[in-house]
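Presented below is the structure to which this report refers.
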Amino acid sequence: DTAVSQTPKYLVTQMGNDKSIKCEQNLGHDTMYWYKQDSKKFLKIMFSYNNKELIINETVPNRFSPKSPDKAHLNLHINSLELGDSAVYFCASSRAGGSYEQYFGPGTRLTVT
Amino acid sequence: KQEVTQIPAALSVPEGENLVLNCSFTDSAIYNLQWFRQDPGKGLTSLLLIQSSQREQTSGRLNASLDKSSGRSTLYIAASQPGDSATYLCAVSTRGSSNTGKLIFGQGTTLQVKP
């Protein structure tokens, strides 16, 4: 009965490859997010979708492309991976509107070699 | 531009002490403020959420306060235990034109409680 789940938990890949991270929430929320936690543990928002529509894009390189097939899923596809993409990526969800609590997934640790 | 700062960056206390973690933010136009806990190599666990209209929230040994006008929040942990050792993150949900809150995080305070 996991609320927000992500797959895979760990991802090790080489520079130049393309990879995807999947996120699913079973909370019935309308809004989903992707956050990145860098090597210094600083968390920063990347994207937000509301009911499959992109509403926040924080100047992330266009190699990153989120896709929301339905409001329960938000996947993150990364093209031409670079060393600097190594980080932990967290998915989160909330009810629509800014005043609601955000619930986070367990994170995906991406290592680019 | 909203900025969130947490002081101290690290804290080490003996078991049983009461302690206070501090968080400050530069823009008072927020929806809410959340405190999270992150254990090494793990995800984020939400501890407390304070709406912008509220002054404090309590959960067990934790008490969080919010002073929006001064841009400050504190997380008070009573009778600390070794199991409280973790990184504590403060995040504010900022008001944007899309009426969707994005969380702006502080750098965190890493707490170690010694037995």
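Reckoned from all heavy atoms, side chains included, excluding hydrogens, waters and symmetry mates. So that the names make sense, note that chain A is the first sequence line, chain B the second, and so on, each numbered from 1.
- Not less than 6.0 angstrom separates the ring centroid of B:Tyr31 from the ring centroid of A:Tyr100.
- Both B:Phe25 and B:Ile104 belong to a single network of hydrophobic side chains, linked directly or stepwise wherever heavy atoms of I, L, V, M, F, W or Y lie under 4.5 Å apart.
- Neither B:Leu49 nor B:Ile30 shares a network with the other; the hydrophobic side chains, linked directly or stepwise wherever heavy atoms of I, L, V, M, F, W or Y lie under 4.5 Å apart, form separate groups for each.
- Both B:Trp35 and B:Val13 belong to a single network of hydrophobic side chains, linked directly or stepwise wherever heavy atoms of I, L, V, M, F, W or Y lie under 4.5 Å apart.
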* Asked: Between A:Lys41 and B:Thr87, is a side chain to side chain contact (heavy atoms under 4.5 Å, CB included) present by the stated rule, with each step listed?
  -> CA-CA 10 Å; A:Lys41 309 297 184 187; B:Thr87 296; over 6 Å; no
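- A:Trp34 is linked by a side-chain hydrogen bond (donor to acceptor under 3.5 Å, both in side chains) to nothing, counting only residues two or more places apart in sequence or in another chain.
- For A:Phe42, the parts lying near chain B are the backbone and the side chain together; criterion is any non-hydrogen pair under 4.5 Å.
- Linking ILVMFWY side-chain heavy atoms closer than 4.5 Å, directly or via other members, places A:Leu54 and A:Ile78 in a single hydrophobic cluster.
- Grouping the Ile, Leu, Val, Met, Phe, Trp and Tyr side chains by contacts below 4.5 angstrom, directly or via other members, places A:Tyr103 apart from A:Ile56.
- B:Leu44 is listed as a side-chain neighbour of A:Leu43, based on a closest heavy-atom distance under 4.5 Å.
- For A:Ser48, the part lying under 4.5 angstrom from a heavy atom of chain B is the side chain only.
- Distance check, rounded to the nearest 0.5 Å: OG of B:Ser46 to CD of A:Gln102 gives 10.0 Å.
- A 6.0 Å sphere centred on NZ of A:Lys9 holds more than 12 heavy atoms belonging to other residues, nucleotides or ligands.
- For A:Tyr33 (side chain) and B:Leu103 (main-chain N/O), no donor-acceptor pair under 3.5 Å exists by modelled atom type.
- For the pair B:Gln38 and A:Phe90, the tightest heavy-atom approach, listed with the atom from each and the gap, is NE2-CZ, 3.6 Å.
- A:Glu58 touches chain B through its side chain: at least one heavy atom from C-beta onward sits under 4.5 Å away, while N, CA, C and O do not.
- For chain A, the nearby part of B:Leu89 is the side chain; its heavy atoms alone come within less than 4.5 Å.
- Formation of a donor-acceptor pair under 3.5 Å by the B:Gln34 side chain with backbone atoms of A:Glu101 is not found in this model.
- Remark: A:Met46 CE to B:Lys102 NZ distance equals 13.5 Å, nearest 0.5 Å.
- A 6.0 Å sphere centred on CZ of A:Arg63 holds more than 12 heavy atoms belonging to other residues, nucleotides or ligands.
- Identified by a heavy-atom distance below 4.5 Å to chain B, the contributing residues of residues 105-113 of chain A are A:Gly105, A:Pro106, A:Arg109, in residue-number order.
- For B:Arg61, the CZ atom counts as densely surrounded, since its 6.0 Å shell holds more than 12 non-hydrogen atoms of other residues, nucleotides or ligands.
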